[in-house]
Structures are given as C-alpha cells and as structure tokens.
Amino acid sequence: WTTHNVIQVLTQWAHHYTDESKWNSLVNKANLRHEVEESIVALHHLQAWRNCTSSESHSPFIALDACCGKGVFSILLSYLAPQHFPGLERIILFDKSKTVNWKHIEAANHAGQHGESDR
C-alpha cells in the first residue's frame, strides 16, 4: 500500500504546488526521487511496527525524523497519517544544516491546521 499512497500524495503535490513558491524547494528538488524512495522504505517499516500488535496500532506516538534534510519523510507521513497512522501526535524534524528552506513545511502545517482540502 505504501508506494501507491505515496504516489497519490506526489500527484497531489504536482497538481497543487508545482508553481507555488513555498513548495518549489521541495517539489523541484533535484534528488526528490531518491528522498521519496528512502521515505517509502521508512513508511513501510513504520506501518509494520504499528501493526505488530493490533492493540497498539492506534496508541499515541511521536515520530522523530533525524537528519531530515528537507523533511520529505515527515511531510509524506503528515499527509498519510490521518488514514494510515492513527495515533500520530507529532512529528519532530531535526537536521544539522542551518540553511534549509522550511517554507514547504510551514505551508503544510498551515494547511493541516486549517483543514484545507488539498491536505
């Protein structure tokens, strides 16, 4: 299910965000494909972990994205969480770079907080 759902999110981004300046640093990222491939693997393992025991699959949890770069894993997780990762309370991103453009994360947070339909 993971690859299929990630493709749906990427298609949504392509239709909604390709021309939006806040999203340019993410959707036009040269190595986006590589980042997405890594994220699919991580999402798959997160889902497997959450499904280990049915009683824990809805329990609250926090995701940590270490060495997050542009936050591709985190932003994909945030889009998939409502349907596939119930219990996700927060995603914490951290990276050593001090020059990351976070405008796409801010835009996604804004959309999520305001219940915008493209989120």
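The structure displayed is predicted, hence computed values, not measured ones.
A donor-acceptor pair under 3.5 Å is formed between the side chain of Arg50 and the backbone N or O of Ser59. Panel note: side chain His15, backbone Thr11; a donor-acceptor pair is recorded below 3.5 Å. For the pair Lys70 (side chain) and Asn101 (backbone), a donor-acceptor distance under 3.5 Å is present.
Between Ile105 atom CD1 and Ser25 atom OG the span is 9.0 Å, to the nearest 0.5 Å. Taken from NZ in Lys103 to CG in Leu26, the straight-line distance is 14.0 Å, to the nearest 0.5 Å. Separation of atoms CG (Leu77) and CD (Gln47) is listed at 10.0 Å; rounding is to 0.5 Å. In this structure, NE2 in His34 is found 11.0 Å from CG in Leu32, a value given to the nearest 0.5 Å. Taking OG1 from Thr2 and NE2 from His45, the interatomic distance works out to 9.5 Å, rounded to the nearest 0.5 Å. Note: Glu35 CD to Leu76 CG = 10.0 Å, rounded to the nearest 0.5 Å.
For the pair Glu106 and Lys22, the minimum side-chain heavy-atom distance is 4.5 Å or more.
For Trp102 against Gly69, the heavy-atom pair with the smallest separation is CH2-O, 3.6 Å. Contact detail for Asp95 and Cys68: the closest heavy-atom pair is OD2-N, 3.2 Å.
Tyr79 and Leu64 fall into different hydrophobic clusters, where Ile, Leu, Val, Met, Phe, Trp and Tyr residues are linked whenever their side-chain heavy atoms come under 4.5 Å apart, directly or through other members. Trp1 is connected to Val9 through a chain of hydrophobic side-chain contacts under 4.5 Å among Ile, Leu, Val, Met, Phe, Trp and Tyr, so both are in one cluster. Under the 4.5 Å side-chain heavy-atom criterion for grouping Ile, Leu, Val, Met, Phe, Trp and Tyr, Leu80 is not connected to Val41 through any hydrophobic cluster.
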Next item on the list: Would you check, one step at a time, whether the test side chain to side chain contact (heavy atoms under 4.5 Å, CB included) holds for Asp65 with Phe94?
Entry: CA-CA 6 Å; Asp65 189 356; Phe94 53 99; over 6 Å; no

Next item on the list: For the pair Gln8 and Gln12, evaluate side chain to side chain contact (heavy atoms under 4.5 Å, CB included) and give the outcome as yes or no after the intermediate values.
Entry: CA-CA 6 Å; Gln8 288 180 327; Gln12 183 180 18; over 6 Å; no

Note to self: Let's go through Ser39 and Val6 carefully: what are the C-alpha distance in whole Å and the side-chain angles of both, what is the deciding distance for side chain to side chain contact (heavy atoms under 4.5 Å, CB included) to 0.1 Å, and is it a yes or a no?
What the structure shows: CA-CA 9 Å; Ser39 297; Val6 167; over 6 Å; no

Next item on the list: Decide side chain to side chain contact (heavy atoms under 4.5 Å, CB included) for Ile91 and Phe73; before the verdict, give the C-alpha distance in whole Å, the side-chain angles of both, and the deciding distance to 0.1 Å.
Entry: CA-CA 10 Å; Ile91 304 170; Phe73 165 76; 5.7 Å; no

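In Glu89, the CD atom is crowded: over 12 heavy atoms of neighbouring residues, nucleotides or ligands sit closer than 6.0 Å.
The aromatic rings of Trp23 and Trp13 are tilted relative to each other, their planes meeting at an angle between 30° and 60°.
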